[in-house]
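Computation of the quantities below employed the complete heavy-atom set of this structure, encompassing side-chain atoms and omitting hydrogens, waters and symmetry-equivalent molecules. Convention: sequence-line order gives letters A, B, ...; per-chain numbering from 1.
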There are 2 protein chains.
Amino acid sequence: MPETILIVEDEPALRDTLAYNLKKDGFAVEAVGDGRSALASARTLKPDLIILDLMLPELDGFEVARILRKEMTTPILMLTARDDEIDRVVGLEVGADDYLTKPFSMRELMARVKAQLRRTRLIQEEMAKSGVAQVKQEKLTFDNLTINLTRREVTLNDKPIPLKPKEYDLLEFFARHKGQMLSREFILERVWGWDFIGDSRTVDVHVRWLRQKIEEDASRPKRIITVRGGGYRFEG
Amino acid sequence: MPETILIVEDEPALRDTLAYNLKKDGFAVEAVGDGRSALASARTLKPDLIILDLMLPELDGFEVARILRKEMTTPILMLTARDDEIDRVVGLEVGADDYLTKPFSMRELMARVKAQLRRTRLIQEEMAKSGVAQVKQEKLTFDNLTINLTRREVTLNDKPIPLKPKEYDLLEFFARHKGQMLSREFILERVWGWDFIGDSRTVDVHVRWLRQKIEEDASRPKRIITVRGGGYRFEG
DNA sequence: GCTTGGGGTTAAGGTCTTGTTAATGAGAGA
DNA sequence: TCTCTCATTAACAAGACCTTAACCCCAAGC
């Protein structure tokens, strides 16, 4: 439900500030520090907006933007250090949707993020209006398991699986972080909310319910793997 | 065919500079100096983008933007004199897509104009690809339920169903977003308006009334489905 | 084999969401 | 101004859902 934002910034201090402020405003935030992880995260996370620093280790922002542009229409907000890079950033070469020149104020960034997201929503609206209301349905697919983000519905072998709200949230979160080991604390923070006070065993219970619904054999899970002493890992 | 840009700026010097530079880059430019003409031009000209100064005689930029937003999705780039107006400009109150704080460089303006237009073009391509009809739809039909958009009338089994204004708005909105989960907040924002302050339970009540009128068995709805923890979903 | 600790499993409250109804208020039109 | 319609909100009921806590089981180390 909350909109997801991917931050790609190698400088830890700025990255944290960005993440903090966006979270405070109710966004689901994921932050990475290099180009290669950026690609990976963008692909599995399917964020609603990407904040991308131009200067990056491994694979610079130019490259990342160019690649992502071919794969998705997700709006990209570029962070540049030098004013004279603007032309390349916004031009056909990269195709960012917006940019900010460092240093910038957090207020300005928030304003631009919101403007960008609102535009996206407006456009979808427009598409719906101009005819058959078939907006593209966003989905995450793993074999015979599909999570339809637009419908907030999960199907297994094309049969809808009724999930309780928290189960769905949890599964979506797992799916967006496929292959990563996720500690109970991390899951609680992101799915339940930073203000959740309670037992981390709560996660276990929900995992069990999920397993019963999406695993072939819940007692021998293949999708949601237990990492003893660590947490869980979703394998797809 | 060149893209058309409408400039709304009361200061002649700046207006001419803007027009000159945009023309030089191949845009078709129309420039006006006050809010009232802005509305008129925007309506007849249907520009691809509007550059709108905040401070205007007759009708200020806030008002102009607010009015135009309800009529069209044309991207609006706001020019503001003061940094602290950003929040209002980009916020829900006005809904500009981008803004520039005076003074700004022409290069920066051009960059933002192009970014904005680029995105619009991208989206249109996307729309074309997904085969969305260009023609305005007159009716939306779902089995035995028909929504006549031009007449603003709903029939079930060819029998007209009397709907109250908000009920109709809500139903049309659902219909245009068939298959999408819609949160109460989203519905409120779109059907009630950006500026609606109030209880999200309001939606529930209207949904109930709608269900009573268009569902076969209102207590076991097949069209307007409750998505627990999420909102509602119209299934057609 | 035994011990230990983490994870699995279950069911009982307690809490939160939604459905439903009715009263109040706002606004249009007579 | 009065009347009527419609929108909004409050309040309660019903039921779905979440959390906790208790108990069980298994894996790994001894």
Check: protein-nucleotides 1-3 of chain C nitrogen or oxygen pairs below 3.5 Å:
none

Identify all pairs in which a protein N or O lies below 3.5 Å from an N or O of nucleotides 25-28 of chain C, and state each distance.
none

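Remark: A:Arg184 is in phosphate contact with C:dG7, judged by side-chain N or O atoms under 4.0 Å from OP1 or OP2. Side-chain N/O atoms of B:Thr226 include one lying less than 4.0 angstrom from OP1 or OP2 on C:dG19.
Side chain of A:Glu215 to backbone of A:Arg223: a donor-acceptor contact under 3.5 angstrom is found. A:Arg233 contributes no side-chain N or O that, together with a main-chain N or O of A:Gly179, makes up a donor-acceptor pair within less than 3.5 Å. At least one donor-acceptor pair closer than 3.5 Å links the side chain of A:Thr202 to the backbone N or O of A:Asp199.
With rounding to whole Å, B:Ile187 atom CD1 is found 13 Å from D:dT8 atom P. For the pair B:Asp204 CG and C:dC16 P, the interatomic distance rounds to 17 Å; values are reported in whole Å. Residue A:Arg220 contributes atom CZ, which lies 11 Å from atom P of D:dA27 at whole-angstrom precision. Here the P atom of nucleotide C:dT18 and the CD1 atom of B:Ile224 are 15 Å apart, to the nearest Å. One atom, CD of B:Gln212, and another, P of C:dA22, lie 11 Å apart when rounded to the nearest Å. Following rounding to the nearest Å, B:Glu185 (CD) and C:dT18 (P) show an atom-to-atom distance of 10 Å. Rounding to whole angstrom units, CG of residue A:Leu210 and P of C:dG7 are separated by 17 Å.
Across A:Val8, A:Leu52, A:Ile76, a single residue satisfies side-chain contact (heavy atoms from CB on, under 4.5 Å) together with A:Val64, and that is A:Leu52. Results of the side-chain contact (heavy atoms from CB on, under 4.5 Å) test with A:Val113 over A:Asp48, A:Ile51, A:Leu100, A:Leu18 single out A:Ile51 as the only residue that passes.
Remark: B:Lys166 does not engage B:Asp169 in a salt bridge, criterion side-chain N to carboxylate O under 4.0 Å. The pair A:Arg184-A:Glu189 does not count as a salt bridge, with every side-chain nitrogen at least 4.0 angstrom from each carboxylate oxygen.
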What do the steps show when you test A:Asp34 against A:Val32 for side-chain contact (heavy atoms from CB on, under 4.5 Å), and what is the final call?
CA-CA 6 Å; A:Asp34 67 279; A:Val32 300; 5.5 Å; no
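Looking at A:Glu138 and A:Asn148, their side chains never come closer than 4.5 Å, going by heavy atoms from C-beta outward.
Between the base of C:dG6 and the side chain of A:Arg201 there is no donor-acceptor pair shorter than 3.5 Å.
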Base-contact (B) and sugar-phosphate-only (S) positions in nucleotides 14-19 of chain D, heavy-atom cut-off under 4.0 Å, - elsewhere
--SSSB
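Between A:Phe173 and A:Phe234, the ring centre distance reaches or exceeds 6.0 Å.
When each of A:Tyr232 and B:Arg211 is assigned the nucleotide of DNA chain C with its nearest heavy atom, A:Tyr232 is the one assigned upstream, toward the 5' end.
Looking only at atom types and distance, the side chain of B:Thr226 has a donor-acceptor partner in the side chain of B:Arg211 under 3.5 Å away.
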